[in-house]
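Reviewing the structure listed below.
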Amino acid sequence: MTVQRNESRKKLMAFTPVYDLHRKTLLGYIGDLTMKGAMVIGEKSVEVDKHYILGIEFPEAPPTMTTTRIVIPSRVAWCKQDDTPQGFNIGFQFIEVSAENATVIEAILERYQFRSVSNISDLEN
């Protein structure tokens, strides 16, 4: 049985690398982010249900934060080939989100999430 997410994904407008801290390798870049997980766009397939300690490097700290990096234990929930033959979309479920990491993720989502512009007057605000 598949468990569906209750939280909508937020695409980021920031170049955000994601590292496997145990192996000290780049896994890919954030495609979208929620408080419960992230979709990472990478070049290699990864094993579903494998656990990682992710290091997520945000481009800059929001004004209220002093850190640009979070370290978070995660599990691979799914991995699918991207539209391009050399890419993979990897769904990570965050296993444990500390209060500090939650604060950083909330601030990053507020600052960097992609917002669609419904009309030209939205650009002026």
Side-chain angles (χ1 to χ4, degrees):
M1 177 169 76
T2 302
V3 176
Q4 296 296 319
R5 87 178 50 41
N6 296 328
E7 197 172 349
S8 66
R9 298 171 182 225
K10 307 292 185 195
K11 294 190 183 297
L12 298 185
M13 296 185 309
F15 189 68
T16 309
V18 178
Y19 298 94
D20 170 1
L21 294 182
H22 178 64
R23 291 174 187 77
K24 299 179 182 170
T25 58
L26 177 68
L27 290 170
Y29 299 89
I30 293 282
D32 57 50
L33 179 68
T34 72
M35 293 299 296
K36 296 180 180 180
M39 193 266 291
V40 174
I41 302 165
E43 293 181 355
K44 296 179 182 175
S45 176
V46 295
E47 183 182 336
V48 173
D49 287 327
K50 187 168 183 174
H51 289 242
Y52 287 87
I53 302 297
L54 299 181
I56 303 175
E57 300 278 343
F58 297 105
E60 64 182 57
T64 58
M65 306 303 300
T66 58
T67 186
T68 60
R69 179 184 198 202
I70 63 171
V71 174
I72 193 160
S74 304
R75 176 188 76 84
V76 177
W78 52 268
C79 181
K80 300 176 184 172
Q81 183 138 19
D82 190 30
D83 292 337
T84 61
Q86 65 273 24
F88 290 88
N89 294 330
I90 309 160
F92 285 98
Q93 175 188 15
F94 299 151
I95 295 170
E96 182 181 325
V97 180
S98 68
E100 181 181 351
N101 282 348
T103 301
V104 172
I105 293 169
E106 286 171 352
I108 292 297
L109 288 172
E110 180 61 32
R111 181 172 180 140
Y112 291 110
Q113 79 175 335
F114 177 78
R115 293 174 178 85
S116 62
V117 178
S118 58
N119 62 47
I120 204 72
S121 65
D122 289 344
L123 291 173
E124 296 169 357
N125 295 329

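Atoms considered below: every heavy atom in the structure, side chains included; atoms not considered: hydrogens, waters and symmetry mates.
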* More than 12 foreign heavy atoms under 6.0 Å from NE2 of H51: is that the case here? ->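 Yes - once you tally the heavy atoms of other residues, nucleotides and ligands closer than 6.0 Å, there are more than 12.
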When rounded to the nearest 0.5 angstrom, what is the spacing between [atom1] in [X] and [atom2] in [Y]?
X: S74; Y: E96; atom1: OG; atom2: CD; answer: 10.5 Å
X: D32; Y: T16; atom1: CG; atom2: OG1; answer: 11.5 Å
X: Y29; Y: E43; atom1: OH; atom2: CD; answer: 8.0 Å
X: E100; Y: I105; atom1: CD; atom2: CD1; answer: 11.0 Å
X: I72; Y: Q93; atom1: CD1; atom2: CD; answer: 10.5 Å
X: D20; Y: I53; atom1: CG; atom2: CD1; answer: 9.0 Å

Can you give me the closest heavy-atom contact between [X] and [Y], atom names plus distance?
X: C79; Y: V48; result: N-CG2, 4.0 Å
X: A38; Y: I30; result: CB-CD1, 3.7 Å
X: Q86; Y: Q81; result: N-NE2, 4.4 Å
X: V76; Y: E47; result: CB-O, 3.4 Å

* Could you point out which residue of T34, L33, I90, N89 forms a side chain to side chain contact (heavy atoms under 4.5 Å, CB included) with M39? =>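 Option passing the side chain to side chain contact (heavy atoms under 4.5 Å, CB included) with M39: N89.
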* To do: Would you mind telling me which of F88, Y19, Y52 makes a side chain to side chain contact (heavy atoms under 4.5 Å, CB included) with L27?
  =>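 For L27, the side chain to side chain contact (heavy atoms under 4.5 Å, CB included) check succeeds only for Y52.
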* Out of curiosity, does I95 fall in the hydrophobic cluster containing L54 (side-chain heavy atoms, cut-off under 4.5 Å, transitive links)? ->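 In one cluster: no.
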* Are L109 and I70 connected in a single hydrophobic cluster, I mean Ile/Leu/Val/Met/Phe/Trp/Tyr linked by side-chain heavy atoms less than 4.5 Å apart? ->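 I70 and L109: one cluster.
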* To do: Could you tell me whether the side chain of M35 reaches within less than 4.5 Å of the side chain of F94, counting heavy atoms only?
  =>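 Contact flag for F94/M35 side chains = no.
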* **V104 side chain near F58 side chain, heavy-atom distance below 4.5 Å** =>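 V104 vs F58: side chains touch.
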* Distance-only, no hydrogens or angles: does the D49 side chain make a donor-acceptor pair with backbone N or O of R75 under 3.5 Å? ->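 Such a contact is absent between D49 side chain and R75 backbone.
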